[in-house]
Chemist: 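Dropping the structure in here first, questions after.
To find a chain, count down the sequence lines: A is the first, B the second, and so on, and within it residues start at 1.
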Amino acid sequence: MKRVIYLDNAATTKVRPEVVEAMLPFYTENYGNPSSVYDFSAPCKEGMAHTRETIAKALGADSSEIYFTNGGTESDNWALTATAEAYASKGRHIITTQIEHHAILHTGQYLEARGFEVTYLPVDETGLVEIAELKKAIRPDTILISVMFANNEIGTIEPIREIGELAKERGILFHTDAVQAFGHEPINVDEYHIDMLSASAHKLNGPKGVGFLYIRKGLKLRSFIHGGAQERKRRAGTENVPGIVGMGKAVEIALAKMEENKKKETELRDYLIRRIMSEVPYTRLNGHPAKRLSNNANFAFQFIEGESLLIMLDMEGICGSSGSACTSGSLDPSHVLLAIGLPHEIAHGSLRLTLSEETTKEEIDFTVDCIKRIVERLRSMSPLYEDFVKSREKKDIRL
Amino acid sequence: MKRVIYLDNAATTKVRPEVVEAMLPFYTENYGNPSSVYDFSAPCKEGMAHTRETIAKALGADSSEIYFTNGGTESDNWALTATAEAYASKGRHIITTQIEHHAILHTGQYLEARGFEVTYLPVDETGLVEIAELKKAIRPDTILISVMFANNEIGTIEPIREIGELAKERGILFHTDAVQAFGHEPINVDEYHIDMLSASAHKLNGPKGVGFLYIRKGLKLRSFIHGGAQERKRRAGTENVPGIVGMGKAVEIALAKMEENKKKETELRDYLIRRIMSEVPYTRLNGHPAKRLSNNANFAFQFIEGESLLIMLDMEGICGSSGSACTSGSLDPSHVLLAIGLPHEIAHGSLRLTLSEETTKEEIDFTVDCIKRIVERLRSMSPLYEDFVKSREKKDIRL
Amino acid sequence: MYSEKVMDHFQNPRNVGEIENASGVGTVGNAKCGDIMRIYLDIDEESHVIRDCKFKTFGCGAAVATSSMATELVKGKTIEEAMQVTNKAVMEALDGLPAVKVHCSLLAEEAIHAALWDYAQKHEIRIEGLDQPKSDISEHDEDEEY
Amino acid sequence: MYSEKVMDHFQNPRNVGEIENASGVGTVGNAKCGDIMRIYLDIDEESHVIRDCKFKTFGCGAAVATSSMATELVKGKTIEEAMQVTNKAVMEALDGLPAVKVHCSLLAEEAIHAALWDYAQKHEIRIEGLDQPKSDISEHDEDEEY
Ligand SMILES: Cc1ncc(COP(=O)(O)O)c(C=O)c1O
Ligand SMILES: Cc1ncc(COP(=O)(O)O)c(C=O)c1O
């Protein structure tokens with residue numbers, strides 16, 4: 001089998017063996033429906049309760065504030081649509097940012113088509129939301145601010161505490177899409193004044209198809225999916241018990257190893273960035289130099305297009321991404337890269353590499369060597385590079 | 001460990017070992033994001049495509065008409081809300097039945113609060129929808145008929161083909177909640193004129209937290225969960241690849257064993273019904289005598305209440321249900337039993353036993369013996385039984 | 001879902017049965033809400049001491065257990081003392097009940113009161129603090145509201 | 001996602017490069033849609049035969065592969081024959097393209113036409129069926145619409 005260097009941990013992660021082990025008994029032994037009264041279902045209820053407590057503890061929340069969902073996208077949809085509906089009598093204005101995940105942006109559009117107004121805040125060239133801009137955007141009828149904890153493409157970590165404080169001061173609800181941050185960065189919902197928080201298990205070495213929404217006690221949100229009385233009547237549908245148990249285990253381990261992994265990944269990532277920036281000319285580092293997820297590196301290589309780069313890396317067994325995974329196949333360049341001010345042709349040439357605790361220095365070295373070679377090759381085929389070289393030659397002649 | 005006799009297969013089922021085996025590689029080996037371009041994600045795409053084809057073949061549909069969801073509840077929510085929205089300009093009237101699952105009923109209420117009109121058709125005393133009633137309910141502004149394929153409590157199989165034909169004739173869309181029927185009863189969407197169909201993997205020995213919605217080609221339904229471009233832009237969110245692969249395997253096996261299992265379960269179920277009806281006096285069989293799911297038996301034991309019965313059965317290791325699992329903890333008697341005309345006190349005393357291919361005659365015999373003893377005991381404690389006996393004695397004296 | 005005490009009183013209910021020619025009988029609840037309790041009291045007319053107490057209950061595990069516990073709590077007590085046996089006392093004695101089952105303990109209190117009322121009517125006495133029982137007890141709404 | 005033929009032409013693109021003093025050069029596409037193709041033609045002025053053809057492309061795998069295939073298909077052909085090389089022909093020669101990538105084949109056709117237009121302008125001739133190329137090609141919408 002071909003060796004694979006997996007550097008796309010922002011797209012999804014490998015499930016830990018301990019997580020799979022924790023899930024297994026819930027398929028063929030403790031397979032009961034957690035809503036049932038009999039004893040046979042007790043392990044399901046206990047398993048779910050344990051996950052709820054683990055997550056609550058991780059966030060400094062109460063376990064009754066954790067609602068299991070199918071993933072980050074559902075959590076985001078729920079938070080926005082239910083808040084809009086519950087607080088429509090107070091106002092119909094929502095503030096979010098231009099660099100949110102599509103799960104937020106498209107839900108925002110859905111609400112706009114239904115009579116809500118959504119402000120999409122710009123960000124600075126590092127991807128940071130500016131508090132001054134946020135302040136300007138707040139109106140008397142603003143009911144919700146939704147700003148992601150960390151961006152999935154460029155890794156920028158937003159000033160969540162300041163935003164939370166401002167939201168609280170103004171009596172506006174605050175939701176954060178922490179799909180990329182939860183389990184990777186320390187988060188405390190009280191310290192940061194977070195009212196709602198979305199997360200997804202498969203971004204922290206847990207299984208796909210399970211996530212949660214934290215909803216602060218007292219918020220009057222309707223359910224998003226209607227039916228049975230599960231999740232204290234707020235989220236209907238037979239619960240994905242193995243998935244929930246797996247998520248609990250994944251969160252437990254992620255928290256225990258957070259500091260160690262952050263340190264390790266930051267070092268390796270910085271090494272990667274240093275090598276690329278010094279060895280590949282006409283390259284830009286996207287995102288914030290310091291306020292960024294410890295495993296995220298995002299480069300823009302001028303004059304080349306990202307998909308070709310990805311395919312060539314793939315032929316070497318290297319998994320990376322250009323834009324976010326969900327929008328692959330789309331012809332638009334990443335909305336995030338455009339929002340931080342990149343011109344189209346440069347936005348098209350971006351490469352995101354996201355490390356895991358298993359990534360080695362040797363893998364990084366191999367990857368950098370491949371990138372150098374491939375970028376050079378693609379530039380030699382690029383009409384944009386040809387034009388650039390020719391105009392530079394002209395200038396040289398003129399000088 | 002206590003021996004468990006699991007007779008609650010309508011609530012959820014044991015996952016087949018073959019299904020778990022099919023899922024396992026997708027946790028720790030083929031863990032890629034199916035939206036990614038690199039080769040590493042190819043097995044994910046193939047696994048998903050295989051499931052889509054398996055399901056399509058099972059339904060006589062095209063694989064492009066199968067959309068993966070998080071389960072039956074989401075599928076039901078999606079079908080109803082998206083149809084309502086897409087066809088609102090044509091009309092705002094929806095027809096469903098009084099015996100649907102809460103996933104339909106509560107979504108119906110949700111739509112009623114948003115300006116739609118919903119007719120909840122009555123059923124006859126066996127749980128069958130009457131075509132004459134349906135005809136009467138149809139109006140020029142009716143846009144959707146949603147009738148479940150088979151009822152989850154009493155097992156009655158509805159006249160889906162006739163309903164489908166009528167819907168087609170009148171140019172009305174037809175959705176069926178086949179959560180209890182898919183994988184257990186043969187279904188062909190063209191023969192039955194089904195436009196949308198909901199199903200859930202965990203009801204057919206697949207994993208919890210995954211299901212699908214069949215949407216006939218040409219229907220213009222919006223997505224229910226907004227975000228990335230997954231499922232041809234109709235269902236956002238990173239796909240639950242292991243779950244989808246597991247569902248495929250479960251469907252494959254369910255179809256291969258359908259005839260054999262139906263025969264086996266029907267025989268054993270009929271034996272159970274015969275013994276209970278002849279050995280426990282003042283008992284009623286709920287549902288249709290013949291048109292019922294092959295694994296479903298539902299009894300109403302007069303003068304006793306279902307939860308006490310369940311707990312006492314549980315102490316013997318027998319898992320059954322009273323009403324549907326989702327509504328346990330609720331004080332209301334089952335809406336299904338009320339809809340077939342049972343008075344409250346009898347509706348409260350119902351017991352649903354649903355068999356699997358693993359159920360043995362010996363388990364059934366033990367269960368019947370326990371039921372006889374427990375029903376007798378509970379009746380001896382029941383004021384209703386006391387009144388009944390006294391009034392009978394009076395009558396006897398009078399005679 | 002139930003405490004051990006509840007399970008014990010459900011599995012081994014105390015004082016199940018009838019009392020022939022009881023001093024007072026009370027039946028509360030209704031089939032709609034799924035619980036019916038009937039309490040029989042044998043009361044010493046001189047001392048007003050509840051000499052015996054039996055019950056029959058149609059209902060869930062909690063209904064049976066609260067009936068059983070309520071009969072235990074009033075047995076041997078005077079009418080006045082029995083009037084102090086509240087639903088809270090019954091719940092505490094059972095180490096608590098799930099929120100959705102609290103109404104069962106109210107029903108048990110009500111059943112005792114109904115039997116005492118019957119006794120009072122028959123003997124044309126007034127019992128301090130006792131009003132005519134509702135023929136059935138209204139459902140108390142589930143705890144949480146979203 | 002790509003056929004073997006596409007992958008082959010992407011990995012080993014034919015005719016990459018420039019032609020100095022080319023008879024015709026055409027550049028189409030734009031950075032916004034993410035694909036830019038430039039085609040160089042060396043055309044025999046007598047016979048109107050395309051003696052050589054080279055390309056440079058900024059774009060995805062399909063863009064590179066269609067450029068490569070398009071140059072292969074027109075090389076050695078007369079201008080009139082080259083005018084018959086449609087995007088369908090390019091796609092077929094590549095054993096198909098994913099639906100979202102069909103626009104790349106249109107772009108390749110357009111690039112050939114742009115280079116031919118350039119040749120025609122320089123030589124003040126008219127090529128049957130050739131109109132002035134759009135400076136860039138509009139994005140063709142994705143196949144499905146929901
Ligand atoms: C008829 C019917 N519809 C819908 C559902 C909901 O399915 P799920 O719980 O998998 O979301 C069920 C099962 O609970 C059911 O029996
Ligand atoms: C920031 C962010 N939000 C939301 C999501 C959606 O999560 P999921 O795909 O698990 O539904 C993702 C990942 O794709 C993400 O990175």
Chemist: Using a 4.5 angstrom heavy-atom cutoff, name the option from B:L105, B:V210, B:T13 with the most pairs to chain A.
Modeler: B:T13
Chemist: Heavy atoms only, distances under 4.5 angstrom: which of B:A236, B:C319, B:G71 has the most pairs with chain A? Name it, please.
Modeler: B:C319
Chemist: Return the set of residues passing ring-ring contact (aromatic ring centres under 6.0 Å, His included) with B:H175 (not counting sequence neighbours), or none when no residue passes.
Modeler: none
Chemist: Under a 4.5 Å cutoff for heavy-atom pairs, which residue among B:T69, B:V19, B:T73, B:D76 has the most contacts with chain A?
Modeler: B:T73
Chemist: Would you find more than 12 non-hydrogen atoms of other residues, nucleotides or ligands less than 6.0 Å from B:E18 atom CD?
Modeler: yes
Chemist: Measure the CG-CD1 distance between B:D39 and A:I311 for me, rounded to the nearest 0.5 Å.
Modeler: 10.5 Å
Chemist: Can you tell me how far CG of B:D314 sits from OG of A:S36, rounded to the nearest 0.5 angstrom?
Modeler: 10.0 Å
Chemist: Does any backbone or side-chain atom of A:M315 lie under 4.5 Å from a heavy atom of chain B? Answer side chain, backbone, both or neither.
Modeler: neither
Chemist: Counting the benzene-type ring for Trp, do B:F224 and A:F224 have ring centres under 6.0 Å apart?
Modeler: yes
Chemist: Between B:E85 and A:R114, is there a side-chain N and carboxylate O pair less than 4.0 Å apart?
Modeler: yes
Chemist: With a 4.5 angstrom heavy-atom cut-off, which part of B:L24 approaches chain A: side chain, backbone, both or neither?
Modeler: side chain
Chemist: Kindly give the heavy-atom pair with the smallest separation between A:N33 and B:A11, and that separation in Å.
Modeler: ND2-O, 3.2 Å
Chemist: Considering only heavy atoms, which portion of B:V20 lies under 4.5 Å from any heavy atom of chain A: side chain, backbone, both, or neither?
Modeler: side chain
Chemist: Under a 4.5 Å cutoff for heavy-atom pairs, which residue among B:G211, B:G246, B:G206, B:G209 has the most contacts with chain A?
Modeler: B:G209
Chemist: For the OG atom of A:S223 and the OH atom of B:Y110, what is their distance to the nearest 0.5 Å?
Modeler: 9.0 Å
Chemist: Go through the atoms of A:E239 and report whether side chain, backbone, both or neither lie under 4.5 Å from a heavy atom of chain B.
Modeler: backbone
Chemist: With respect to chain B, which residue among A:E74, A:H202, A:Q109 yields the maximal number of heavy-atom pairs within a distance under 4.5 Å?
Modeler: A:H202
Chemist: Indicate yes or no for a side-chain donor-acceptor contact from A:N70 to the backbone of B:N70 under 3.5 Å, with no hydrogens or angles considered.
Modeler: no
Chemist: When you measure from the side chain of A:H102 to the backbone of B:G227, do you find a donor-acceptor pair of N or O atoms at a distance under 3.5 Å?
Modeler: no
Chemist: Under the ring-ring contact (aromatic ring centres under 6.0 Å, His included) test, which residues partner B:F40, sequence neighbours left out?
Modeler: A:Y6, B:Y31
Chemist: Has the side chain of A:N77 got a donor or acceptor atom that lies under 3.5 Å from a matching backbone atom of B:I225?
Modeler: no
Chemist: State, without any angle test, whether A:H226 and B:T107 hold a side-chain donor-acceptor pair at a distance under 3.5 Å.
Modeler: no
Chemist: Restricting to non-hydrogen atoms, name the atom on A:P207 and the atom on B:Y27 that form the minimum distance, rounded to 0.1 Å.
Modeler: CB-CE2, 4.0 Å
Chemist: Tell me which of these, A:I318, A:T12, A:L80, has more heavy-atom pairs under 4.5 Å with chain B than the rest.
Modeler: A:T12
